[in-house]
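Everything on this sheet refers to the single structure shown next.
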Amino acid sequence: MGESVILGIKDLYKSFGGVAAINGLTLDVLEREVHAVIGPNGAGKTTLVSQLTGVVLPDAGQVVFRGRDITRMPAYRRPHLGMARSFQITSIIHDMTVLENVVLAVQAKAGHSYRFWESAIVDDQLTEPAIRALTQVGLEAEAMQIAGPLSHGEHRQLELAMVLATDPELVFLDEPTAGMGREDSTRMVSMLESLKGSCTIILVEHDMDAVFALADRITVMVEGRAIATGTPDVIRADRLVREAYLGEDMNTAVK
Amino acid sequence: MKSLTLRGWVTLVVLVALALLPVFVNMTGREFYLVLATRLVILAIAAVSLNLILGYGRMISFGHAAYLGIGAYAVGIPAYYEIYNGFIHIGIAVVVSAAFAFLTGLVCLRTRGVNFIMITMAFSMMVFFAFVSIEEYGGDDGLVIEVRSEFGRWVNLENDTVLYYVCFVSLLGILYLIRRIVHSRFGMVIQGARGNEDRMQSLGFDTFRYRLVCYVIAGALCGYAGALLGNFTSFISPEMMDWTRSGELIFMVVLGGTSSLFGPVLGAGLFILLEEILSGFWLYWQLIFGIFLILVVLFAKGGIDSWLGRRPER
Amino acid sequence: MDWTLLTVQLLNGLQFGILLFLLASGLTLIFGIMDFVNLAHGSLYMVGAFFCATLTQWLDSFWLGLLLALPATAIVGVLVEQIVVRHLYERDHLDHVLATFGLILVFDTLTQMIWGPDGQVIPLPAWLDGQVSLGDAIEVPTYRVAIILTGLAVAFGLFILVTRTRLGMQIRAGASNRKMVSALGVNIGLLFSIVFVIGAVLAGLAGMMIGPITEASIGMGNQIIIVAFVVIVIGGIGSIKGAFIAAILVGLIDIMGRSYLDVLFKMFMSAQNAETSAPAVSAMLIYILMAVILAVRPSGLFGPRGR
């Protein structure tokens, strides 16, 4: 550690119809760390991700990526700076094949897509990185299958492959183990572990096992603000966190 | 020889039938079939162009007939001023259609769902009413042209058979073009973007721009079909752009099965054949047509395409 | 400056706007609450006009004709909703559009089968057929004033219905969150049917009121439905207030534009150019207005706000 700040969030504020979902959030994410964001339901974690990925724009505050103010940058420009995200509710493209899904991800970074003549799916420049990403998550056998009918766990793996295929510097993972059983979760966590160090990861999660296995630092959000940020040990010991977090999870994770 | 699926056979049979039709007409002297087939092929081109945005892109444009009208007037108005050069006609048809698609697309593609449908409808009616009020070019009564587009010695459109083959070859060319577009990087983005807006944006695609380009291509192709139509009918009226015409085009695409390459051709064929047969029987044939349409929507959503079995690849 | 002409045209614009409001209000409710694209709304407008024509002729009374044509139109609305529309709520917009397009064909043909291809005249009682004076020198057709007053009364009634009654509350709740309302025990199927029928009656009423002026004719709904769509797009889907403001705006701009655009053009171009271009441009005015408003507010003036 001891790295520089890759993403700086300062006094972020967002309200919906008078209710503040994000209420003055300040947070620095360090280069190449795995930074988990946890908190009770309604704390604003999902809103935070949508603000940081540009899906919804904040009312006030600042988001700086590698020294560049990206607060109001539209969502579709952010991947080109090196950011990628996975969705809480799986957002793969159901009627395309697994390979096509990942090819799209590769294509997005490979310059513009105003090419009307050559077939995309036989283009090595696109398929090679795609297959590599699929191999990384263990889905290469399913490459030619239509994505929709696959299992939930496989959908999540595909989501991750789409993230990896773009070779990102900063990744937002929005509850990557959501809806997964024990076995799938463990596999996902070990996959994410192998990612550690190659890029920065901001991880929003409810699964405390995953959080404590992966996180270098943890931020606890309550009612739209960060009430504590620190290493897992520090967070475990923090009384404010224990009180605020309605967490039986917290207590079971503390062993 | 590779074995063909049912889908492959139907496509082949239809194409061969269309290719050989003039020979049949020549032998039997039934001019009427040539007229019917020419209209079928032209509308098939329009339907295929609509499918690019409707089927592959899921943009429900209810104003596509506007381009047929623009293309037709692109032939009619220069002819009115005694400019008969076919290249100029086609040039104007395609360029004006593309421009109209671009300008209206800028507005309508920022909207969604119901709004998009209504706005595309409204813009096509705007052009309709504009032409109705231009007395010079016939207004409501339309424009009659005496001479078809001229392309020099080699292609004489005054010959109905030549016109038919120009239309047929155009259809083949456009089908091939759309096939390449759909499988290209561009096509991947368009298909990915239907119903997955957020996902595509977070991958890094400015979906609005891609859709706009797709919309312009579809409009330009339909404008070309309009130019062919203008040559075919020699009576050009705003009626061609009425929103109910756009509805018929959508019907053709759905009947044939959306997002299949050849589906719209089959749909256009079925639509026109039904129209011909039914209108011969009964004055009030549109009643049956309307009921048929409702039944298709309620019970046969996949169109002819779904009866031909699963697609092996897109 | 011909004040009489100006007043008459203003009144015409207002009247057209009120008529558009009657059409658009039902339609925007149907769009907003059921997310259902109803192209056949214009057919209900036509059906209302024809019912009124026939009943007026049979009973020799415009009032009775109007009064009885309303429930008759309501019945048609119920039939349409039960037989076709209700199976489509769960489908996508393309299905709505195609099915209701089919309905238009059915209605147009049925109407022709029953009433023949010619239009039907709706005769007005003598006292409505005359003129009424506004101030000293200006006389305007009584009937136009009657339409405006009736339309405003209906608009007021709608306002009360939507804001002050339980049904109205359910309608507004259903507009924002259908599943929630259903989970709270409201009979969604019944609510949708009621909304559809209200829309049908409003459309029919519009047809009945315009009938004496333009006569009931086949396909009369197909052109005005487009203008109603423009009104809804400008006003914002689901918003009755938006529909009202947009309708008046569109009505006035359309009528005044057609009457006075050439005058405006003559101020900065030759008379000949003005006369050839004005008709075409005035025909396009409301669509240009729509485009301008959408450029600034893609969801319309009072539509659901985007992010």
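Keep in mind that what you see is a predicted model, and the values were worked out from it rather than measured. Every chain is numbered from 1, with letters handed out A, B, ... down the list of sequences.
Looking at B:Tyr176, the atoms closer than 4.5 Å to chain A (heavy atoms on both sides) all sit in the side chain, from C-beta outward. Within the 4.5 angstrom heavy-atom criterion, atoms from both the backbone and the side chain of A:Ala105 approach chain B. Contact of B:Asp206 with chain A is made through backbone and side chain together, with heavy-atom distances under 4.5 Å.
For the 3.5 Å distance criterion, the side chains of A:Thr219 and A:His35 qualify, holding a donor opposite an acceptor. Under 3.5 Å, the side chains of A:Glu205 and A:Thr177 contain a donor-acceptor pair of N or O atoms. Judged by distance alone, the side chains of B:Thr207 and B:Gln201 do bring a donor and an acceptor atom under 3.5 Å apart. Side-chain atoms of B:Ser124 and B:His64 include no donor-acceptor pair closer than 3.5 Å.
For A:Lys10, the NZ atom counts as loosely surrounded, since its 6.0 Å shell holds 12 or fewer non-hydrogen atoms of other residues, nucleotides or ligands.
Residues of residues 158-169 of chain A having a heavy atom under 4.5 Å from any heavy atom of chain B, listed by number: A:Glu159, A:Met162. Listed in order of number, the residues of residues 63-81 of chain A that approach chain B to under 4.5 Å between heavy atoms are A:Ala75, A:Tyr76, A:Pro79, A:His80.
Nearest heavy-atom pair across A:Ile92 and A:Ala147 is CD1-CB, 3.8 Å.
Among residues at least two apart or in separate chains, salt bridge (Lys or Arg N to Asp or Glu O under 4.0 Å) pairs with a member in residues 120-149 of chain A are A:Asp123-B:Arg185.
A salt bridge links B:Arg194 with A:Asp95: the closest approach of a Lys/Arg side-chain nitrogen to an acidic carboxylate oxygen falls below 4.0 angstrom. At a threshold of 4.0 Å, the pair B:Glu197-B:Arg58 does not count as salt-bridged, since none of the basic side-chain nitrogens sits closer than that to a carboxylate oxygen.
Counting heavy-atom pairs under 4.5 Å between each of A:Leu104, A:Thr53, A:Asn101 and chain B puts A:Leu104 at the top. Comparing B:Ser184, B:Ser202, B:Gly192 by how many heavy-atom pairs each has under 4.5 Å with chain A, the most go to B:Ser184.
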Which is it for A:Ser113 and A:Gln107 under the side-chain hydrogen bond (donor to acceptor under 3.5 Å, both in side chains) test, yes or no, and what are the steps along the way?
-> CA-CA 7 Å; A:Ser113 286; A:Gln107 204 181 296; 2.9 Å; yes
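When the side-chain contact (heavy atoms from CB on, under 4.5 Å) test is applied to A:Phe116, the partners found at least two apart in sequence or on another chain are A:Tyr114, B:Ile181, B:Phe186, B:Val213, B:Ile217.
Remark: side-chain polar atoms of A:Gln157 are paired, donor with acceptor, to backbone N or O of A:Val137 under 3.5 angstrom.
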